[in-house]
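To keep things clear, I will list the structure first and then write my remarks on it.
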Amino acid sequence: MTTTPQRPDRDWWRSAVVYQVYPRSFADSDGDGVGDLPGIIEHLDHIAALGVDVVWLSPVYRSPQDDNGYDISDYHDIDPVFGTLADLDRLIAAVHERGMRLVMDLVVNHTSDQHAWFAESRSSRDNPKRDWYWWRPPREGHEGGQPGAEPTNWHSFFAGSTWEWDEATGEYYLHLFSRTQPDLNWENPQVREAVYSMMRWWLDRGVDGFRMDVINLISKDVAADGSLPDGVAKPGTRFGDGAPFYTNGPRIHEFLHEMHEAVYADRAVLTVGEMPGVTIDEARLFTDPERREVDMVFTFEHMHLDQGPLGKWDPRPLHLPDLKLNLAAWQEGLGERGWNSLYWNNHDQPRVVSRFGDDSPEHRVASAKTLGTVLHLLRGTPYVYQGEELGMTNAHLDSIAGYRDIETLNHHAEQVGLGADAAQVLASMAPRSRDNARTPMQWDATEHAGFTTGTPWLPVNPNHSTINAEAARADQGSVFHHYRRLIELRHSLPVVVDGDFTLLLPEHEQVFAYTRTLAATGDEPAQTLLVVANLSSADVTVRLDGLAGVLSGELVLGTHADGIPPEGEAVTLQPWESRALLHPARRPAQDGLATPE
């Protein structure tokens, strides 16, 4: 059984909660329909009221906005659509004044094709920055620019080939994402030092860490002669899967350790790597403190459990035991060494209450609360995406005209171009498109949800008349206040931060239950926290062998005021009901920190 460690200040993030702001959709201060930095400052008190410790800011750097800011043309400036560098300085100060920290998005697998580095690189084959990106000649025996002439057959994340032909210099450049996002060549030490210098510049400015976008893609499996291998062909297309040759590549640990030592070895910052395709064994290496790479990673495994064999655009109903077993594997796999990040939502994922919950009027609030409970009381650092604390839902778009996301639009064009039925393509996009997460923040019931006085860049969800921050803050039984209480529990109960994890009822198809346990230390008794949750829209009764005492312990947080008392080891839960029970109970001085609803 784990005991409570003495935590140095540099590990402050272990008991922290992070709130992600997607600036374009958060709050618009000037009426142009796009969120901005002054808008964030105006609404910081909403974030602070939740009790979170960190604000993670999605990219606000200067950018052509082809991929909503993830195509950066200047790492040292702010895009005018969001404000100015002075506005960002004001935001940093305002966040710090409220006792929170600010983490910036770091996008260094690729830049924009408008970045000065790339402009130099593509200007000629002998430019000093030519090798700052991946340039390759056409495949032998093929004419450049023609189908099949690409240096490899890799398929882009955003549809089509990963290679773009440059007529002026007669070579292709690599872009794993959009053709406007050329990949940086991390094999070049000048590239790495330029990135590290930029990172130090931001930390010196007051930033408290980085969320690193697709950081495990920066090392490519390049041969001694500079060639890159073809991937296994995908059925029905001329493209192959290049992921094995750029995911967790041969030098990735070297690069991240070098970054750690060059940038933040002596700073108490937070670093989290977004790592598609990362395994538990790899994550343990990335987050082992003794290896000095990153503090935690974002895994995607649980985000793939409701997908069919064709991937993201092939949605399937979630099988709850699969989700439980996956989360448990990560809890156990990083239990002794390393650290988990905990998330349901972000700017790339659909709304969890629509995805894994029940967003009907009858069950939306309870399912949003319960999904929050089962995630936040796990071991790791929880991330809250803007609007998640309100129980915001998917947009349920029914026309291609309503979409703005480049990934979604490219997928639609590619599939329809290949002869797929347009209605079926649209139906597969509706529950999965990134635009579900990017509809404007719902501040109140007024026109455009209080997001803007102009025309929003993406239409607001019509349900903002009932689902909004103003209403949620005024209602003690809201999703907002449930999340606030969850965050209070993490800050007040050491068992939430450091307790061992044990999964219960692994095969049950409705109930997610687990315990967190912490050994006695000094005058503090051993503690057990039991989380038992009904993740379905039907009543359920379960027996928890040997846990009668915990079931009758202190209810530190619950979703239903009319919950049915347990009978010995048996407990009956209403639809989407969850309970967090502590045994033994807290001391009287701690009472009231997270009263049940």
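Counting begins at 1 with the first residue of the sequence.
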Would you say Ser197's side chain and Glu193's backbone share a donor-acceptor pair under 3.5 angstrom? no

Give a yes or no on whether the ring-centroid distance for His46 and Phe480 is below 6.0 angstrom. yes

Quick one: CD1 on Ile218 to CG on Asn248, what's the gap to the nearest 0.5 Å? 10.5 Å

For the pair Trp117 (side chain) and Lys129 (backbone), establish whether a donor and an acceptor sit closer than 3.5 Å, ignoring hydrogens and angles. no

Closest heavy-atom pair, Arg24 versus Gln65, reported as atoms and distance to 0.1 Å, is NH2-OE1, 2.8 Å

Using only atom types and a distance under 3.5 Å, with no angle test, would you say the side chain of Thr162 pairs donor to acceptor with the backbone of His155? no

Decide, yes or no, whether a salt bridge links Arg205 with Asp89 under the criterion of side-chain N to carboxylate O below 4.0 Å. yes

Donor-acceptor pair, side chain of Glu274 and main chain of Val214, under 3.5 angstrom: yes

Exercise: identify the closest heavy-atom pair between Val269 and Gly209: CB-CA, 3.9 Å

Under a 3.5 Å cutoff, is there a donor and acceptor pairing between the side chains of Ser578 and Thr370? yes

What about the rings of His302 and Trp330, do their centers lie closer together than 6.0 Å? no

With sequence neighbours left out, write down each residue that passes ring pair (Phe, Tyr, Trp, His ring centres under 6.0 Å) with His304, or none if nothing qualifies. none

Donor-acceptor under 3.5 Å (His396 side chain, Asn436 main chain): no

Should the pair Phe255 and Trp186 be assigned to parallel (<30°), tilted (30 to 60°) or perpendicular (>60°) ring geometry? tilted

Between OG on residue Ser354 and CG on residue Asp359, distance to nearest 0.5 Å: 3.5 Å

Euclidean distance, Asn394 CG relative to Met392 CE, rounded to 0.5 Å: 10.0 Å

Using the salt bridge (charged side-chain N to carboxylate O under 4.0 Å, His left out) rule, take Arg98 and Asp45 through it: C-alpha gap first, then chi angles, then the decisive distance, then the call. CA-CA 8 Å; Arg98 289 163 175 79; Asp45 288 340; 2.7 Å; yes

Taking every non-hydrogen atom, the tightest pair across Leu102 and Ile92: CD2-CG1, 3.5 Å

Using the ring of each side chain (for Trp, its six-membered ring), is Phe177 parallel, tilted or perpendicular to His110, with breaks at 30° and 60°? tilted

For residues Met441 and Val21, determine if any side-chain heavy atom of one lies less than 4.5 Å from a side-chain heavy atom of the other. no

Does the side chain of Ser58 come within less than 4.5 Å of Tyr70's, by heavy atoms? yes

Check whether Trp344 forms a cation-pi arrangement with Arg355 (NZ or CZ under 6.0 Å from the six-membered ring centre, at most 45° off the ring normal). no

Compute the ring centroids of Phe26 and Trp443, then answer whether they are less than 6.0 Å apart. yes

Could Asp183 and Lys220 be called an ion pair, given the rule that one side-chain N must be under 4.0 Å from one carboxylate O? yes

Any non-hydrogen side-chain atom of His376 less than 4.5 Å from a side-chain atom of Leu557? no

With side chains defined as the heavy atoms from C-beta onward, is the minimum distance between Gln476 and Arg484 less than 4.5 Å? yes

Search all heavy atoms of Ile487 against all heavy atoms of Val52 and return the closest pair with its distance. CD1-CG1, 3.7 Å

Applying the ring-ring contact (aromatic ring centres under 6.0 Å, His included) test to Tyr343, which of Phe298, Tyr383, Tyr19, Trp56 qualifies? Phe298

I want to check something: taking the side chain as every heavy atom from C-beta on, are Gln20 and Arg211 in contact at a cut-off of under 4.5 Å? no

Would you kindly say whether Ser29 and Asp36 are connected by a side-chain donor-acceptor distance under 3.5 Å? yes

Could you tell me the separation between the CD1 atom of Ile72 and the CD atom of Gln114, rounded to the nearest 0.5 Å? 14.0 Å

Can Asp71 and Ser178 be counted as having a side-chain donor-acceptor contact under 3.5 angstrom? no

Under the salt bridge (charged side-chain N to carboxylate O under 4.0 Å, His left out) criterion, do Asp204 and Arg267 qualify, and how do the steps go? CA-CA 10 Å; Asp204 291 344; Arg267 308 190 197 225; 3.1 Å; yes

Would a distance-only check, ignoring hydrogens and angles, find a side-chain to backbone donor-acceptor pair under 3.5 Å from Glu470 to Ala445? no

Under a 3.5 Å threshold, yes or no: a donor from one side chain and an acceptor from the other, between Thr381 and Trp339? yes

For Tyr61 and Asp79, the nearest pair of non-hydrogen atoms, with its separation, is O-CB, 3.3 Å

Phe210/Tyr264 aromatic ring centres below 6.0 Å: no

Please answer whether the main-chain N or O of His464 pairs with a side-chain N or O of Asn468 as donor and acceptor at a distance below 3.5 Å. yes

Could Asp87 and Arg90 be called an ion pair, given the rule that one side-chain N must be under 4.0 Å from one carboxylate O? yes

Mind telling me whether His115 and Tyr75 have parallel, tilted or perpendicular rings, with 30° and 60° as the class edges? tilted

Partners passing ring pair (Phe, Tyr, Trp, His ring centres under 6.0 Å) against His76 (at least two apart in sequence or in another chain): Trp201

Is the closest side-chain donor-acceptor distance between Asp66 and Thr180 under 3.5 Å? yes

Carboxylate-amine/guanidinium proximity below 4.0 Å for Arg473 and Glu389: no

In the structure I gave you, are the side-chain heavy atoms of Arg101 and Leu270 within less than 4.5 Å of one another anywhere? no

Value for NE2 (His491) from OG (Ser15), rounded to nearest 0.5 Å, stands at 6.0 Å

Lys/Arg N to Asp/Glu carboxylate O, Asp348 vs Arg438, below 4.0 Å: yes

With a 4.5 Å cut-off on side-chain heavy atoms, are Pro23 and Leu57 touching? yes

Examine the side chains of Arg485 and His482 and answer whether a donor and an acceptor come within less than 3.5 Å of each other. no

May I ask you to check whether Tyr246 and Trp154 place their ring centres under 6.0 Å from each other? yes

Euclidean distance, Ile467 CD1 relative to Ser478 OG, rounded to 0.5 Å: 12.0 Å

Could you go through the salt bridge (charged side-chain N to carboxylate O under 4.0 Å, His left out) check for Arg434 and Asp67 one step at a time? CA-CA 11 Å; Arg434 301 190 301 181; Asp67 187 23; 3.0 Å; yes

Any Asn340 side-chain heavy atom under 4.5 Å of Arg379 side chain: no

Only pairs at least two apart or in different chains count here, so list each side-chain hydrogen bond (donor to acceptor under 3.5 Å, both in side chains) that has a residue in residues 447-458. Ser25-Trp457, Asp28-Thr452

Check Val60 against Phe82 and note the closest heavy-atom contact, atom names and distance. CA-CD1, 3.6 Å

